Amino acid sequence: MIVLGLILLGLAALSFALALVNLSILRATPAHAPKGDVRVSILIPARNEAKNIGPALDAALASVGVPVEILVMDDGSTDATPEIVRHYAARDERVRLLTAPPLAEGWTGKVHACHHLSEAATGTHFLFVDADVRLGPHAASRLAGHAQETHASLVSAVPRQIMRTLGELLTVPTINLLLLGYLPMGFMRLSRDPGLGAACGQLMLVEREAYRAIGGHAAIRTRIHDGIQLARLFRRKGFMTDLVPGDHLASCRMYTRFDEAWNGFAKNAHEGMATPVALPIWTMLLLGGHVLPFALLPFAPTFPIVAAALLSLATRTLVTVATRENPWSIPLHPFTMLVGLAIQWSVLLRIGTTRRAGWKGRLYPVGVKS
């Protein structure tokens, strides 16, 4: 048991150390204003987003520091989404409503919508934003300024995640824990290695010419997780990508129910962790570093296991405070990690509804790749 405890302690310490270093790097990232003739096209794919699109447009229209245009792609909505956008467009010429053509064979829905948005955009930079994201006033200008200053062709950030229900708290906190606790940010900023590419599709800015040089969303037409796939593609083509703190740039409430959250994370799993090679490794890291210490604590409260549990909670606390997430994620931390692994394994083993992935009512076979 001592040996097992030391192994768990080592796994927990690894995550804690990476989170500490990553947060130091991110918090030291200076803000830069864009220079020269910069214009940001804010691009929003929207399918049945009547509840979200108005607040999303209000937030985007409040952008300062850089000229913006706002393009909304109505992708077959059956609710009031297009009517709401038309109302905004009639009041402000910066807003344009576009209608997506029928989904072409071999494309996934959101990627298809983003591709057509990019074809209509006229800015020097394209800011892809989900309809449930609320941009802060300086988000567009600071992302564009950072891209210019660092020569990064893609800059992304995780918006502040709003979580109010138990179902959200058991799923959503995994995003920042994985990024901050396991992605080596220092190496990411020094290397163009595609394996270090990471981005959040909720909030992702690209430089127009580099985006077109790599083939844009058309190059990942069969994929669902455009954040990961675009970041890796940019790097494979020799362009740099970067991540910046997003809690002051934007906010997002992704889901309101547990089933929504489960299905939402499942749709991206097969393009991330849920592969036969990656998932056993991730299971060892997450189960060993963040679940087993708490499971074993009542039966073997040895120093290594107690220390591993405390370091795991310390990691979760660091991430929660730094990203301004709901503090209830801290005591629920081991359960959140367990649910996250359950989602990944259900996808890998093709259990239940996770046999198929999708976006906004469209389903695609899990595991289909270009």
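Everything numeric in this text was worked out from a predicted model, so none of it was measured.
Rounding to the nearest 0.5 Å places CG of Leu6 at 8.0 Å from OG1 of Thr302. From Leu57, atom CG reaches atom NE2 of His87 across 10.5 Å, with rounding to the nearest 0.5 Å. To the nearest 0.5 Å, the span separating CG on Asp74 from CG on Asp79 amounts to 8.0 Å. Rounding to the nearest 0.5 Å gives a distance of 12.0 Å between CE of Met284 and CG of Leu341. If you take CD on Gln344 and OG1 on Thr275, they are separated by 9.5 Å, rounding to the nearest 0.5 Å.
Looking at heavy atoms from C-beta onward, His138 lies out of side-chain contact with Ser63 at the 4.5 angstrom threshold. Proximity of Leu243 to Met185: side-chain heavy atoms (C-beta onward) are separated by under 4.5 Å at one or more points. Residues Glu168 and Gln161 have side chains not in contact (no heavy-atom distance under 4.5 Å, counting atoms from C-beta outward). With contacts defined as side-chain heavy-atom distances shorter than 4.5 Å, the pair Leu292/Leu11 does not qualify. Side-chain atoms of Tyr182 and Leu177, non-hydrogen and from C-beta on, do get closer than 4.5 Å to each other. By the 4.5 Å heavy-atom criterion applied to side chains, Ile44 and Leu71 are not counted as neighbours. You'll find the side chain of Leu203 reaches within 4.5 Å of the side chain of Val129, heavy atoms only. Side-chain contact between Leu61 and Val95 is present, with at least one heavy-atom pair separated by less than 4.5 Å.
For Asp132 and Tyr255, the side-chain atoms include no donor-acceptor pair closer than 3.5 Å. Using a 3.5 Å distance cut-off with no hydrogens or angles, the side chains of Thr78 and Asn48 do pair a donor with an acceptor. Checking Thr165 against Arg257 by side-chain atom types alone, no donor-acceptor pair falls below 3.5 Å. Between Arg189 and Thr29, the side chains place a donor N or O and an acceptor N or O closer than 3.5 Å (distance only, hydrogens not considered).
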Inset, instruction - Apply side-chain contact (heavy atoms from CB on, under 4.5 Å) to the pair Tyr88 and Leu97, showing each step before the final yes or no. - result: CA-CA 9 Å; Tyr88 277 84; Leu97 172 66; over 6 Å; no
Inset, instruction - Just do the side-chain contact (heavy atoms from CB on, under 4.5 Å) check on Asn326 and Arg164 with the steps written out, would you? - result: CA-CA 8 Å; Asn326 189 324; Arg164 296 181 182 138; 5.8 Å; no
Inset, instruction - Any chance you could lay out the side-chain contact (heavy atoms from CB on, under 4.5 Å) test for Phe126 and Arg212, step after step, and finish with the verdict? - result: CA-CA 11 Å; Phe126 302 159; Arg212 289 178 175 164; 3.9 Å; yes
Legend entry - Verdict with reasoning, Glu69 to Ser41, per side chain to side chain donor-acceptor pair (under 3.5 Å): CA-CA 5 Å; Glu69 66 171 353; Ser41 298; 2.5 Å; yes
Inset, instruction - Test side-chain contact (heavy atoms from CB on, under 4.5 Å) on Arg324 and Val321 and set out the steps. - result: CA-CA 5 Å; Arg324 299 194 299 148; Val321 172; over 6 Å; no
Inset, instruction - Kindly determine whether Arg235 and Thr241 satisfy side chain to side chain donor-acceptor pair (under 3.5 Å), including the steps that lead there. - result: CA-CA 7 Å; Arg235 285 171 168 259; Thr241 70; 2.7 Å; yes
Inset, instruction - Evaluate side chain to side chain donor-acceptor pair (under 3.5 Å) for His217 paired with Ser118, printing each intermediate quantity in order. - result: CA-CA 9 Å; His217 278 82; Ser118 72; 5.6 Å; no
Legend entry - Intermediate values then yes/no, side chain to side chain donor-acceptor pair (under 3.5 Å), Asn52 and Arg134: CA-CA 9 Å; Asn52 278 316; Arg134 309 292 174 256; 2.7 Å; yes
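Judged by distance alone, the side chain of Ser15 and the main-chain N or O of Ala12 form no donor-acceptor pair under 3.5 Å. Side-chain N or O atoms of Ser346 include one that pairs as donor or acceptor with a backbone N or O of Ile343 at under 3.5 Å. Judged purely by atom type and a 3.5 angstrom limit, Asn263 uses its side chain to pair as donor or acceptor with the backbone of Asp259. A donor-acceptor pair is defined here as one N or O able to donate and one able to accept, closer than 3.5 Å; such a pair exists between the side chain of Asn22 and the backbone of Leu180. One N or O on the side chain of Thr336 and one on the backbone of Leu169 form a donor-acceptor pair closer than 3.5 Å. Between the side chain of Thr81 and the main chain of Glu49, a donor-acceptor pair closer than 3.5 Å is present. Arg39 places no side-chain N or O within 3.5 Å of a backbone atom of Pro67 that could act as its donor or acceptor partner. Using modelled atom types, no side-chain atom of Arg192 and backbone atom of Arg236 make a donor-acceptor pair closer than 3.5 Å. Although no hydrogens or angles enter the test, the distance criterion places no donor-acceptor pair under 3.5 Å between the side chain of Thr222 and the main chain of Gly106. Side-chain N or O atoms of Arg316 include one that pairs as donor or acceptor with a backbone N or O of Pro173 at under 3.5 Å.
Closest heavy-atom contact between Pro184 and Leu196: CG-CD2, 3.9 Å. Across Pro82 and Ser77, no two heavy atoms sit closer than the pair CD-CB, 4.0 Å. Between Met204 and Gly201 the shortest heavy-atom distance is CE-CA, 4.4 Å. Of all heavy-atom pairs between Pro293 and Leu287, the closest is CD-O, 4.1 Å. Counting all heavy atoms, side chain and backbone alike, Ala113 lies closest to Pro45 at CB-CB, 3.9 Å. Across every non-hydrogen atom of Val111 and Arg223, the tightest pair is CG2-O, 3.4 Å.
Leu143 pairs with exactly one of Asp242, Val206, Val244 by the side-chain contact (heavy atoms from CB on, under 4.5 Å) rule, that one being Val244.
Cluster membership check: Leu135 shares its hydrophobic cluster with Val66, using side-chain heavy-atom separations under 4.5 Å among Ile, Leu, Val, Met, Phe, Trp and Tyr. Taken together through direct or relayed side-chain contacts under 4.5 Å among Ile, Leu, Val, Met, Phe, Trp and Tyr, Leu279 and Ile228 form parts of separate hydrophobic clusters. Transitive grouping of hydrophobic side chains (ILVMFWY, heavy atoms separated by less than 4.5 Å) brings Leu310 and Phe335 into a common cluster. Under a hydrophobic-cluster definition in which Ile, Leu, Val, Met, Phe, Trp and Tyr are linked whenever side-chain heavy atoms come within less than 4.5 Å, directly or via other members, Leu98 and Ile84 are assigned to different clusters. Hydrophobic clustering (ILVMFWY, side-chain heavy atoms < 4.5 Å, transitive): Leu23 and Leu183 are in one cluster.
Applying the side-chain hydrogen bond (donor to acceptor under 3.5 Å, both in side chains) criterion to Ser329, with sequence neighbours excluded, gives Thr320.
The number of heavy-atom neighbours closer than 6.0 Å to CD of Glu93, taken from other residues, nucleotides and ligands shown, is 12 or below.
Aromatic ring centroids of Phe239 and Tyr211 lie 6.0 Å or more apart. Between His115 and Trp107, the gap from one ring centroid to the other is short of 6.0 Å.
For the pair Asp247 and Arg27, the salt-bridge criterion is met [side-chain N within less than 4.0 Å of a carboxylate O]. Residues Glu325 and Arg160 are not paired through a salt bridge, judged by the lack of any N-O separation under 4.0 Å between the basic side chain and the carboxylate. The pair Asp130-Lys110 counts as a salt bridge, with a side-chain nitrogen and a carboxylate oxygen less than 4.0 angstrom apart.
When hydrophobic side chains of Ile, Leu, Val, Met, Phe, Trp and Tyr are connected at separations under 4.5 Å, Phe294 ends up clustered with Leu313, Ile330.
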